[in-house]
Amino acid sequence: MEIAKAYDPKQAEEHHYQRWESEGFFTPEINEDLDAKKYSIVIPPPNVTGSLHMGHALQHTIMDVLTRRKRMQGYRTLWLPGTDHAGISVQRKVVEQLKKDEHKKPTDIGREEFVRRAWTWKEQYGNTITEQMRREGASVDWTRQRFTMDESLSTAVRNVFCTLYEEGWIYKGLRIVNWCPKDKTVLSDLEVKEEARKDGKLYYLRYPIKSSPPVLGGVAAASADGVVLSLTVATTRPETMLGDTAVAVNPKDERYKDLIGKTILLPLTDREIPIVGDEYVDAEFGTGAVKITPAHDPNDYQVGERHNLERLLIMNEDATMNAAAGPDFEGLDRFVARAKVVERFEELGLLEKVEDYEMTLPVCERCKTVVEPILSDQWFVKMDEMRDMALDLMRSEAVPHFSPQVPHEKVYTAWLENLKDWTISRQLWWGHQIPAWYDADGNVFVGRTAEEAQAKSGGRELTQDQDVLDTWFSSGLWAFSTLGWSGDTHVPTDAASAFERSPGEDEAAENRSLEDKSVLAPSDLDTFLPTDVLVTGRDIIFLWVSRMIMLTKKFTDKKAFEDVIVTGTVLGKDGKPMSKSRNNGVDPLEMFDKFGVDATRIYLASIATGADIKWNDVGVETYRNFANKIWNATRFCLMNADGAGVDPTLLFLGPAPDASKVKEMGALAFTGEAFKLSLPDRWIISRLNQTTVDVNVALSKYQFHTAVGLIFHFFWDELCDWYLELVKDEITSEIDSERRQVARSRFISLIERALRLLHPFMPFITEELWQKLPGTGSHLHHKSYSGAPPTIMLAEYPDFSGSFPENPNTDLAAETEMGAVIDVIKKVRNIRTELNIPFSIPVEVLIETDIHNHHIFRDNNLQIAKLVRAKTLRIESNILAPKASAKSVTGIARISVPLEGLIDFDKERERLQSQIDKLNVELQRLNGQLSNASFVEKAPAEKAQELRERQAEIERQVKVLNQNLEALNK
RNA sequence: GCCGACUUAGCUCAGUGGUAGAGCACUCGCUUCACACGCGAUAGGCCACAAGUUCGAAUCUUGUAGUCGGCACCA
């Protein structure tokens, strides 16, 4: 078979995904084993407004690697996809569209029409990300795709809300909340970010005290007889003084304690406010006197509660001043009002001073507008009991287990310990409308439906709460609401029974399709919850992960997931987080086009778990090259495939399995002498098996980058650079022999198994090549998928945890001997390069080694001769080499390359000397260590012995090299 | 302010107590019949700095400096 000289990713990416999906390979139903263990992951639902970014690509790669491996291991595997309705984001898109297309505001078309248009928007644009996920090769079960506003998920939301309300875990109340004047909605604490401002100002305002003559100056200006005339307060938000209802001082503050109980004449208003004493005030800070605005500051609110102060709200929802701020200020923007307040204080001589003040301002996470703390009537979730549930889970079962554990476990726990109530209402139209209704008097009736609420009210005329729930409220249910829990339709079923089929249904099972999903659907919750692992970024551990843990536990009494893998951040090339404003983003789709999906995926997987990484095109290029390497190794197979095919028995180090087993495995049944393993065969199989073991260990510990490194090294260095070169002559031999067929088949089998090992990382190229390899087919599938059409996706993932325990995995003798062969080849190549002996000139090579080692080199003499381009190769115990020879030494051999007429003696001396120098450096260190009494005394005996052996070895080599050098000087 | 992470070859990064590794770049050589997206051979590190623990430290402890996060903030 002829295939292209270079790998073209596009070609492979075009058709396989479509087939995988339409054949149903992604669904758990593909698994024929009723007793198969399950493996499940729910995707962090991307926003419907989103398009694929590098963070998604990273997380999806990790999830796909996990899922594909488990599927190949025979697990009943579900990776569930879906999207989030993204309240504010979608709302904003629709508002913009409305404004642009029709110059209308939402209120012009009304709520119902607005929501209808939001759905239209979602239908039109919401598939962007799901299509991009197909491009990524994500093996998600599209038949179970969910959206947070699906009917059953919405039912779940209402049920959860009502239950929590009934149990007193949800309440409505007046609190100081974070208000975004641009989005005109309340935000939870987590949606508010701090922004450092260096240009802040601290204003010192002088408040006159009643019954005092006009104020003259000083922090607490006093008249001649010592009576205090005014009190100065400091503030960063002067406009809020219009809402002041008190001034507070610390009761222990000697300066002011006599003022407590007196009255302030609040400037710019006609109000009189009291001076109160409160421990909250820090006498050391500012002036020691604090203006109290209970409706616009959380701390002031507390003070207000304690002193029963009036709460005067002075702003509208867009942060303009309202009527309560007085006629001079009504309608002004808060910042305009600020300037005007300051100006008026100055006119009145009441502005004591203005200081520069560095501070941090709370801003809206999405629109960066300065958030206004404001008194508002909102819905909250009381978090104390939920927090305790999550903390118990962590303390008693150490769940979830974070990877990396440090620092996330600690940060997560600390955050829980300081958790405050969660503001869940949002003043939007797009989302889950709060299932609460009000009568004309404002009494609230919470119900799952309007009818239920009305019944509770005794049939009164009701209107539903206009607000919707925080997007994260529905996402918090994602782990179980997506698996069929809606709170009123779920009937627990026996997990096992779900997979039972009545007799006679076996045939139907043959062409199992998505249709009998109904058989499974009711029990998805029992089957797949808890999910096994959650893969996500740091930014939503609190926002999403923690809430899902709590809500899942609360409503299903199950864990949401056992493990959490926290991925790092993919930074731009400048080392800063990718963002539109910095314009340092790297589009995954561009990378797919440029280097291929597989190369991008495996590069992302090669990043250490949890570590941030600066994006680096060269890294992807490396794996693009790797793909090409694999392509060409396979191409070599296919160019020499006559009479050959995959034969698993050719990879057995030990005795072959019995005949019946051999047939079952699809072996080609080679026999006799040709079947015998050569040293390179034993070595490469041993390396493959060890790599397999190590890859599985690494993946089970979520060390994806380690697994990538292992496979990369095996494939490129060991399989291609060494083994392929060693067996090339045999494989390309002109003579058609069984020996040649076995060599070809063994190489094909090695490639085939390595492709399976690699498949979870590089699904497209591995499938493309696997399909081309002779002898691949469903018989290589894991036994759970024997009826499925052939695909590497369902081939058994290489492992040694069970199949043939009598078959040894590794051959350490072969690894040692092969190491000796490799050493010799490298030394001779080094001589060639250093002495400028071109490869085109064949040389004579003499290998001097103990008699019991002769076979190592003799058995491989042809390969060695080829790889160093030797015209003759002598292997003896004692060789007297000509003086004009270049020499080297390895662990078990002395090498001479006679170079009469070609050798440059100076260069050879230099070469020998540099080898001696290098060894001497190590020798000195070893000597130092071994002559250190305390080392010999305290270090483990094995260690000391190891060093002694190494010392002897180096001494021997140095001696030989010195002899060589002397011989040269004679 | 509190907590944390990071600092290893020119670059991007692996490496959690026992001779410092990879990829790319660099140098030298190769139209070796799978691959120049390749092959072969070199060179290149006081593992940020200091002190400590240890027979032994890139690795553990403490401190310092720099970089970057998270959380909380006094008007």
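Here is how names work: the chains are called A, B, and so on, in the same order as the sequence lines, proteins then strands, and each is numbered from 1. What you are looking at is a predicted structure, and each value in this text was computed from that prediction instead of being measured.
Within 3.5 Å, a donor on the side chain of A:Arg624 pairs with an acceptor on the base of B:C37, or the reverse. Below the 3.5 angstrom threshold, one finds no donor paired with an acceptor across the side chain of A:Lys5 and the base of B:C35.
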Please tabulate the protein-to-nucleotide N/O contacts below 3.5 Å involving nucleotides 53-57 of chain B, giving atom names and distances.
{"residue": "B:C55", "atom": "OP1", "partner": "A:Lys938", "partner atom": "NZ", "Å": "2.6"}
{"residue": "B:C55", "atom": "O4'", "partner": "A:Ser934", "partner atom": "O", "Å": "3.3"}
{"residue": "B:C55", "atom": "O2'", "partner": "A:Asn932", "partner atom": "ND2", "Å": "3.2"}

Listed pairs, N/O of protein and of nucleotides 29-31 of chain B, under 3.5 Å:
none

Reading 5' to 3' through nucleotides 9-15 of chain B, protein heavy-atom contacts under 4.0 Å coded B for base, S for sugar-phosphate only, - for none: ---SSSS
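Heavy atoms of A:Asp282 sit under 4.0 angstrom from at least one base atom. A:Lys728 comes within 4.0 angstrom of a base, heavy atoms only.
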Once Watson-Crick and G-U wobble pairs under 3.5 Å are found, how is RNA chain B written in dot-bracket notation, 5' to 3', with | for any base paired to another strand? ((((((((.[[[[.)..(..]]]]..((((.......))))......[[[[[..)....]]]]])))))))....
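In this structure, A:Asp612 pairs ionically with A:Arg538, as a charged nitrogen and a carboxylate oxygen lie closer than 4.0 Å.
One finds a side-chain N or O of A:Trp716 lying less than 4.0 angstrom from the OP1 or OP2 phosphate oxygen of B:C39.
Expressed to the nearest 0.5 Å, how far CE of A:Met241 lies from CG of A:Leu266 amounts to 4.0 Å.
Within the structure, salt bridge (charged side-chain N to carboxylate O under 4.0 Å, His left out) contacts touching residues 915-935 of chain A (residues at least two apart or in different chains) are A:Glu922-A:Arg950.
Between the C1' atoms of B:G17 and B:G52, the separation comes to 16 Å (whole Å).
Remark: A:Tyr204 engages A:Glu355 in a side-chain hydrogen bond (donor to acceptor under 3.5 Å, both in side chains) (not counting sequence neighbours).
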